[in-house]
Amino acid sequence: MNSSDDFAAEAGLDPARLPAHVAIIMDGNGRWAKKRMLNRVKGHEKGADTVRMAVRASRELGIAALTLYAFSTENWQRPETEISALMTLLKRFLKSEKQEMLDNNIRLNVIGEMERLPGSVTSLLEETMQASENNSGMVLNLALSYGARSEIVRMVRQLSALVAAGTLSPEAIDEKMVSNHLYTRDIPDPDLLIRTSGEMRISNFLLWQIAYSEIHITDTLWPDFNREEFIEILKDYQGRDRRFGNVKTP
Ligand code: IPE
Ligand code: IPE
Ligand code: MG
């Protein structure tokens, strides 16, 4: 057994049946702050600590890919002050976590419209992605300015440009090709999708990729989400019967 197997077994999980890819809609920072009569930004600050926990726990347990929905295309509609606080927090996170990612063999990847982010954020992201590009312990996907519909439009444009140029025939387009033109092309589809803070919606996250993901929604607000609950959710996942439309053969 390697050390992640030990961690998983100690936590009461079957190391062989962990989800290869966990995606999380990290929601509820604003409500956490409101409950305490604090500014929403305080909720985002506390939420950044939960991000550290989730990355660390996933890596220790041996989850191969973790995707975190950090900023959606719709989040650009929020007040300027909140957006800039989020960008500042993101920069702080990247600076403080870079070494830990490198030490723990974690590869950073971004999904989303990176070109819409402020230059100071993009350069830090690029620097960390480059420094970690050969790491193989886990891929941390940050969804930034991410929207599934915009991702799908981008894919359609890429494929239709190839068709228009005469280098691709429409009949050759299959599910694999579509997947290969999404931001997540190198990563298997999420096995498990978690949303915190109780909203029963997808909010434009990974629409294509979650076709067969197991969904877990918890009422816990993201800043209150902890390692114990994360492990409980993974246990619950391990108890699910994933049929993929098929029936069990006797
Ligand atoms: C999630 O928390 C963080 C982002 C969307 C950036 P929210 O800021 O959406 O918190 P609530 O939903 O208002 O509580
Ligand atoms: C989804 O949360 C986006 C992120 C977690 C980054 P939102 O708070 O933006 O979603 P809605 O408004 O509840 O749909
Ligand atoms: Mg929200």
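Start at 1 and go down the list; that is how both ligands and their atoms are numbered. Everything quoted here is computed from the prediction, not taken from an experiment.
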What part of Leu221, side chain, backbone, both or neither, has a heavy atom within less than 4.0 angstrom of ligand 1?
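Looking at Leu221 and ligand 1, no heavy atom falls under 4.0 Å.
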Please classify the Lys34 to ligand 1 contact at 4.0 Å (heavy-atom distances, strictly less than): side chain, backbone, both or neither.
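It is neither; nothing of Lys34 touches ligand 1.
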Shortest non-hydrogen contact between Met138 and Ile63, atoms and distance:
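Taking Met138 first and Ile63 second, the nearest heavy atoms are CG-O, 3.3 Å.
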Please list, in number order, the atoms of ligand 2 under 4.0 Å from a heavy atom of Arg195.
2 (O), 10 (O), 11 (P), 13 (O)
Under 4.0 Å from ligand 2, counting heavy atoms only, is it the side chain of Phe71, its backbone, both or neither?
backbone
Hey, is Glu74 touching ligand 2 through its side chain, its backbone, both or neither, going by heavy atoms under 4.0 Å?
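None of Glu74 does.
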Please determine if Tyr69 has a nitrogen or oxygen closer than 3.5 Å to a nitrogen or oxygen of ligand 2.
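No; the residue has no nitrogen or oxygen that sits under 3.5 Å from a nitrogen or oxygen of the ligand.
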How far is [atom] from its nearest protein heavy atom, and which residue and atom name does that atom have?
atom                    : result
atom 13 (O) of ligand 2 : Arg201 NH2, 2.9 Å
atom 2 (O) of ligand 1  : Asn29 N, 3.2 Å
atom 1 (C) of ligand 1  : Met26 O, 3.0 Å
atom 6 (C) of ligand 1  : Ala70 O, 3.3 Å
atom 8 (O) of ligand 2  : Asp27 OD1, 3.2 Å
atom 10 (O) of ligand 1 : Gly30 N, 2.9 Å
atom 14 (O) of ligand 2 : Ser203 OG, 2.6 Å

Per-atom filter on ligand 1: closer than 4.0 angstrom to a heavy atom of His44 are 3 (C), 8 (O)
Cation-pi geometry met for Arg78 and Trp76 (6.0 Å, 45°):
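Ring-cation test returns no.
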Any heavy atom of Gly28 sitting closer than 4.0 Å to ligand 1?
yes
For Arg40 and ligand 1, answer yes if some heavy atom of the residue is under 4.0 Å from a ligand atom, otherwise no.
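Per 4.0 Å heavy-atom rule, Arg40 contacts ligand 1.
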Looking at Ser72, is its backbone amide N or carbonyl O close enough to the side chain of Asn75 to form a donor-acceptor pair, meaning the two atoms are under 3.5 Å apart?
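Answer holds: yes.
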Looking at Arg242 and Tyr212, would you say the former's side chain and the latter's main chain have a donor-acceptor pair under 3.5 Å?
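It does hold such a pair.
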Checking [Y] against [X]: is there a side-chain donor and acceptor pair closer than 3.5 Å?
X     : Y      : value
Thr73 : Glu113 : no
Asn29 : His44  : yes
Arg59 : Ser4   : no

Could you check whether the rings of Phe205 and Tyr146 sit parallel, tilted or perpendicular, using 30° and 60° as the cut-offs?
perpendicular
Does a side-chain N-to-carboxylate-O contact under 4.0 Å join Glu232 and Lys235?
yes
Is the shortest side-chain N to carboxylate O distance from Arg31 to Glu199 below 4.0 Å?
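A salt bridge links Arg31 with Glu199.
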Check each of Arg31, Arg78, Glu82 against atom 9 (O) of ligand 1 and report the one with the nearest heavy atom.
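Minimum heavy-atom distance to atom 9 (O) of ligand 1 goes to Arg78.
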side-chain contact (heavy atoms from CB on, under 4.5 Å), that's the test. Do Val55 and Ile106 meet it? Break it down for me.
CA-CA 9 Å; Val55 174; Ile106 296 173; 3.9 Å; yes
Which of the N/O/S atoms in Asp27 sits closest to the Mg ion (ligand 3)?
OD1
